[in-house]
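Data first, discussion second: the structure below is written as structure tokens.
We use all heavy atoms of the structure for the numbers below, so side chains are in, but hydrogens, waters and symmetry mates are not.
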Amino acid sequence: MTEDAQMKIRLARTLKDKIEAAAEETNRTLNGEIVARLERTFIEDAERESGRTTWIAKAKANSMASFEERLAKLESEFAEFRQSVERTK
């Protein structure tokens with residue numbers, strides 16, 4: 001069982017009114033609404049970070065594949081150049 005912690009916070013009246021309205025709509029207590037919204041932001045942050053990590057990994061893989069293709073083409077062109085130099089000797 002997790003231990004609940006208490007804390008006092010100060011909110012602008014307009015924000016408190018919005019949270020109260022949202023709590024009423026979702027049939028939660030004011031505290032329940034605040035906790036649910038905070039928990040959701042941590043989940044969204046983790047999902048966003050995961051997506052960012054995936055995007056970076058894909059970008060790196062694409063970049064590496066592009067680099068490898070360019071390197072293979074340059075190696076081929078260099079081999080052709082070398083052969084043409086050898087033929088002129």
Side-chain angles (χ1 to χ4, degrees):
M1 185 173 165
T2 61
E3 182 181 327
D4 290 340
Q6 291 185 11
M7 69 183 225
K8 291 183 179 184
I9 61 171
R10 292 182 187 178
L11 302 173
R13 185 72 194 153
T14 55
L15 180 56
K16 185 174 186 272
D17 292 344
K18 288 178 185 179
I19 297 169
E20 286 174 338
E24 206 170 300
E25 287 178 26
T26 59
N27 201 31
R28 294 184 181 125
T29 63
L30 183 63
N31 184 73
E33 186 65 26
I34 292 169
V35 169
R37 286 175 177 265
L38 284 172
E39 286 177 341
R40 188 172 67 221
T41 64
F42 286 108
I43 292 168
E44 289 169 355
D45 287 351
E47 289 172 350
R48 192 171 25 260
E49 185 59 36
S50 175
R52 187 177 304 123
T53 303
T54 301
W55 180 85
I56 290 170
K58 286 179 183 176
K60 284 181 180 178
N62 289 340
S63 179
M64 189 64 172
S66 174
F67 172 77
E68 289 171 348
E69 287 174 21
R70 289 175 31 216
L71 179 60
K73 184 179 177 192
L74 285 171
E75 287 174 335
S76 175
E77 289 173 356
F78 181 72
E80 290 174 17
F81 173 75
R82 212 161 146 195
Q83 287 176 353
S84 69
V85 169
E86 290 296 321
R87 280 181 276 190
T88 59
K89 286 185 179 180

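- Crowding of R40 atom CZ: a count of heavy atoms from other residues, nucleotides or ligands under 6.0 Å exceeding 12.
- Looking at R87, its side chain does come within 3.5 Å of a backbone N or O of Q83 through a donor-acceptor pair.
- Between E33 and I19, the shortest heavy-atom distance links the atoms CG-O, 3.9 Å.
- With rounding to the nearest 0.5 Å, the separation of CZ in R37 from CD in E44 is 10.0 Å.
- The neighbour count for E20 CD, taken as heavy atoms of other residues, nucleotides or ligands under 6.0 Å away, is above 12.
- Placement of L15 and L30 within a single hydrophobic cluster is found when ILVMFWY residues are connected by side-chain heavy-atom separations under 4.5 Å, directly or transitively.
- Salt-bridge annotation for E69 and K73: absent, with no side-chain N of the basic residue lying under 4.0 Å from a carboxylate O of the acidic one.
- Tracing side-chain contacts under 4.5 Å through hydrophobic residues (I, L, V, M, F, W, Y), one never reaches I43 starting from V35; they form parts of separate clusters.
- Of all non-hydrogen atoms in L38 and T41, the two that sit nearest each other are O-OG1, 2.6 Å.
- Counting non-hydrogen atoms of other residues, nucleotides and ligands closer than 6.0 Å to CG of D45 gives a total above 12.
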Margin query: Pair S84, E80 - check side chain to side chain contact (heavy atoms under 4.5 Å, CB included), show working.
Written below: CA-CA 6 Å; S84 69; E80 290 174 17; over 6 Å; no

